[in-house]
Amino acid sequence: MKKKLTQLLKEAIHHGIEKGELKNCEVPFIEIESPRENAHGDYASNIAMMLASGQKKNPRKIAESIVNSIEDREEMLESVEIAGPGFINFFINQKFWTTLLKEVDDLAGRYGTSDLGRGEKVQVEFVSANPTGPLHIGHARGAVVGDVIARILETSGYKVSREYYINDAGNQMNTLGKSVYYRILELSGEKVDFPPECYQGEYIIDLAKKIQIKYEKELDKKECDDLTSFLTEYASSSILAGIKDDLRAFGIIFDCYFSEKELYKNNGVRKLLEDLREAGFIYKEGETLWFRTTDFGDEKDRVVVRENGEPTYFAADIEYHKNKFDRGFDRVIDIWGADHHGYIPRMYAGIKALGKDTQCLNIILVQLVNLLRDGLPVAMSTRTGEFVTLKEVIDEVGKDAARYNFLMRRSNSHLDFDLELAKRQSNENPVYYVQYAHARIKSILRMAEERGFAIPSYSEVDISLLDLEEERTLVKVINGFPELIEASARTLEPHRIPFYTNDLASVFHSYYNKNRVISDNMELTKARLFLVKTVGIVLKNALGILGVSAPERM
RNA sequence: GGGCGAUUAGCUCAGCAGGAUAGAGCGUUGGCCUCCGAAGCCAAAGGUCAUGGGUUCAAAUCCCAUAUCGCCCUCCA
């Protein structure tokens with residue numbers, strides 16, 4: 001609807017210019033808003049005021065010219081008014097409103113999809129936690145945000161690939177092997193001082209036990225170096241398998257797990273550095289190689305090869321992003337923890353040095369989660385390895401509640417996650433509010449069928465019977481759904497969707513409490529059943545994008 | 001010290017390519033089940049949009065300062 005009105009206004013302005021009532025000018029971005037006040041119409045635009053300074057005319061006069069030039073070919077408009085300092089207020093006629101529901105009925109599960117992306121290939125990289133320990137609560141938010149951004153883009157006509165980058169080439173891998181090694185020594189009765197830089201978590205001991213039982217004989221024979229690399233390999237692949245299981249339980253399936261080791265094969269990183277050096281982006285200082293990221297606005301240059309000859313993580317990351325583009329992605333989205341924000345300028349420097357437009361890379365920062373239980377902070381410490389794992393959260397509060405709660409805030413703002421609240425099946429917990437609306441709709445439809453009503457489709461009902469104020473509101477909200485998804489796709493902001501589902505559920509609950517759907521009036525009952533069915537479709541589609549179930553009953 | 005981000009109702013937060021009387025949830029107070037699901041609905045109270053300046057017809061939204069809080073300032077990842 002907003003699109004139609006935008007189009008109408010654009011045409012009207014051009015007509016106005018042709019007629020000489022308006023000066024020729026660039027038409028700015030036309031914003032159509034839904035006013036709070038019903039008296040201000042169903043939609044409103046401030047375009048006349050936007051044009052005022054360029055036109056050197058009273059905005060109300062401009063609005064008049066525009067309104068007079070509107071050609072309402074589809075007969076959508078009941079009336080158009082000019083109000084206040086120059087707002088143009090649109091009142092949509094009842095008949096046109098309700099005909100919009102045909103589209104929902106026709107598209108059903110596809111309502112909300114679009115071709116915005118035109119098949120563009122997009123990669124979303126997220127989670128990417130080191131395989132040195134199980135996923136914990138800190139990873140969970142980024143995981144859901146990445147997954148839902150991927151779902152939004154899929155819905156909007158992009159070809160999306162979800163990718164997990166496995167940091168399995170660095171120092172921390174040796175530390176992992178060493179950690180397991182010391183725990184095994186401990187288990188076999190030797191007295192050891194467990195090094196503080198090693199991973200302290202309980203899970204290392206569990207791994208050590210498993211290995212001890214399974215490889216009892218082999219362990220004795222292996223030489224120390226050989227043994228550590230064996231332990232590293234065993235531990236990391238076992239941990240990674242666990243990570244995959246947890247993610248699956250959270251509703252997240254990756255298309256690709258990309259190992260950092262891949263980048264070093266065939267000397268990939270070295271070759272890239274050589275190329276960049278020839279292009280003048282890299283200089284040498286002693287044995288150290290520096291990337292001139294300050295050329296691209298970074299605050300200081302960054303090391304890509306250390307004094308000891310080892311490439312840094314940053315060097316591998318440039319190669320990684322080059323690799324992504326080489327694989328044919330038009331656009332790459334990275335989901336990072338907000339503590340990495342200082343890393344952004346150098347990543348963009350890398351992208352530019354590769355000759356890529358900065359538009360090709362979007363970096364989404366996800367802020368930290370404050371884990372609470374009944375309002376009190378839950379103590380966690382990476383040093384001692386005490387943390388609440390993702391699996392524990394899923395087991396305790398459930399996938400739906402966890403996902404929904406993680407999505408309710410803007411990614412870039414802190415989030416309180418209260419375990420007790422998320423678990424509670426009460427009005428304090430927003431997931432249930434929305435799911436309840438869906439279950440309630442299903443219940444009404446079941447009841448109707450029991451009483452002999454077939455659930456009607458658009459052509460079978462007299463849609464003009466839906467003439468209540470609340471019904472108009474419902475239609476309006478339903479109609480806003482595709483626009484909402486498009487906006488979420490453009491801005492990469494998943495949190496808009498929970499706000500929307502909450503809003504739709506609220507309008508529906510209110511309608512339900514005030515009006516009976518099933519009544520003695522056959523025709524009215526059919527019309528309302530149809531309306532309620534469309535609400536159910538939208539709720540289900542919206543929850544589907546969030547990866548949250550839409551229960552038939554609860 | 002430098003950089004980035006935040007500051008909106010008692011609490012947790014939306015709104016921010018400037019627009020009409022600043023919103024939601026929770027909490028508080030008071031109502032609504034002989035009737036399709038009360039995990040619901042209705043109503044009320046609650047605000048100097050951190051502070052001070054600026055830009056203009058119009059600022060929560062843009063600009064500049066200040067304050068407070070958080071994160072980052074590894075040849076770690």
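Just so it is clear: chains get the letters A, B, ... in the order the sequence lines come, proteins before strands, and each one is counted from 1.
Spacing between B:C42 and B:G25 at atom P, rounded to whole Å, works out to 9 Å. Using P as the reference atom, B:U21 and B:A58 are 14 Å apart when rounded to the nearest Å. Comparing the same atom, P, in B:C49 and in B:G23 gives a spacing of 14 Å after rounding to whole Å. Distance check on atom C1': B:A17 versus B:A24 gives 24 Å, rounded to whole Å.
Of the residues listed (A:H136, A:R141, A:R409, A:H139), the one engaging A:V369 in a side-chain contact (heavy atoms from CB on, under 4.5 Å) is A:R141, and it is the only one.
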Chi angles and distances behind the side chain to side chain donor-acceptor pair (under 3.5 Å) call for A:E125, A:S128: CA-CA 7 Å; A:E125 182 221 319; A:S128 300; 2.7 Å; yes
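No close placement of the A:F258 and A:Y164 rings is indicated, their centers lying 6.0 Å or farther apart.
Both geometric conditions, a ring-centre gap below 5.5 Å and a plane tilt below 30°, are not fulfilled together for A:H495 over the base of B:A14.
Glycosidic conformation at B:C16 (O4'-C1'-N9-C4 for purines, O4'-C1'-N1-C2 for pyrimidines): anti, more than 90° from 0.
In this structure the side chain of A:F254 reaches within 4.5 angstrom of the side chain of A:F126, judged on heavy atoms.
On a pure distance criterion of 3.5 Å, a polar donor-acceptor pair joins the side chain of A:H340 and the base of B:A77. On a pure distance criterion of 3.5 Å, no polar donor-acceptor pair joins the side chain of A:S510 and the base of B:C41. In the interface, the side chain of A:N89 is paired with the base of B:A20 through a donor and an acceptor atom under 3.5 Å apart. Residue-to-nucleotide contacts include a donor-acceptor pair under 3.5 Å from the side chain of A:H341 to the base of B:G3.
The side chain of A:H414 lies closest to B:G70 when the candidates are B:G70, B:U74, B:G23. Checked against B:A77, B:A6, B:A39, the side chain of A:Y432 finds its nearest nucleotide in B:A39. Considering only the side chain of A:Y512, B:G37 comes nearest among B:C41, B:A20, B:G37.
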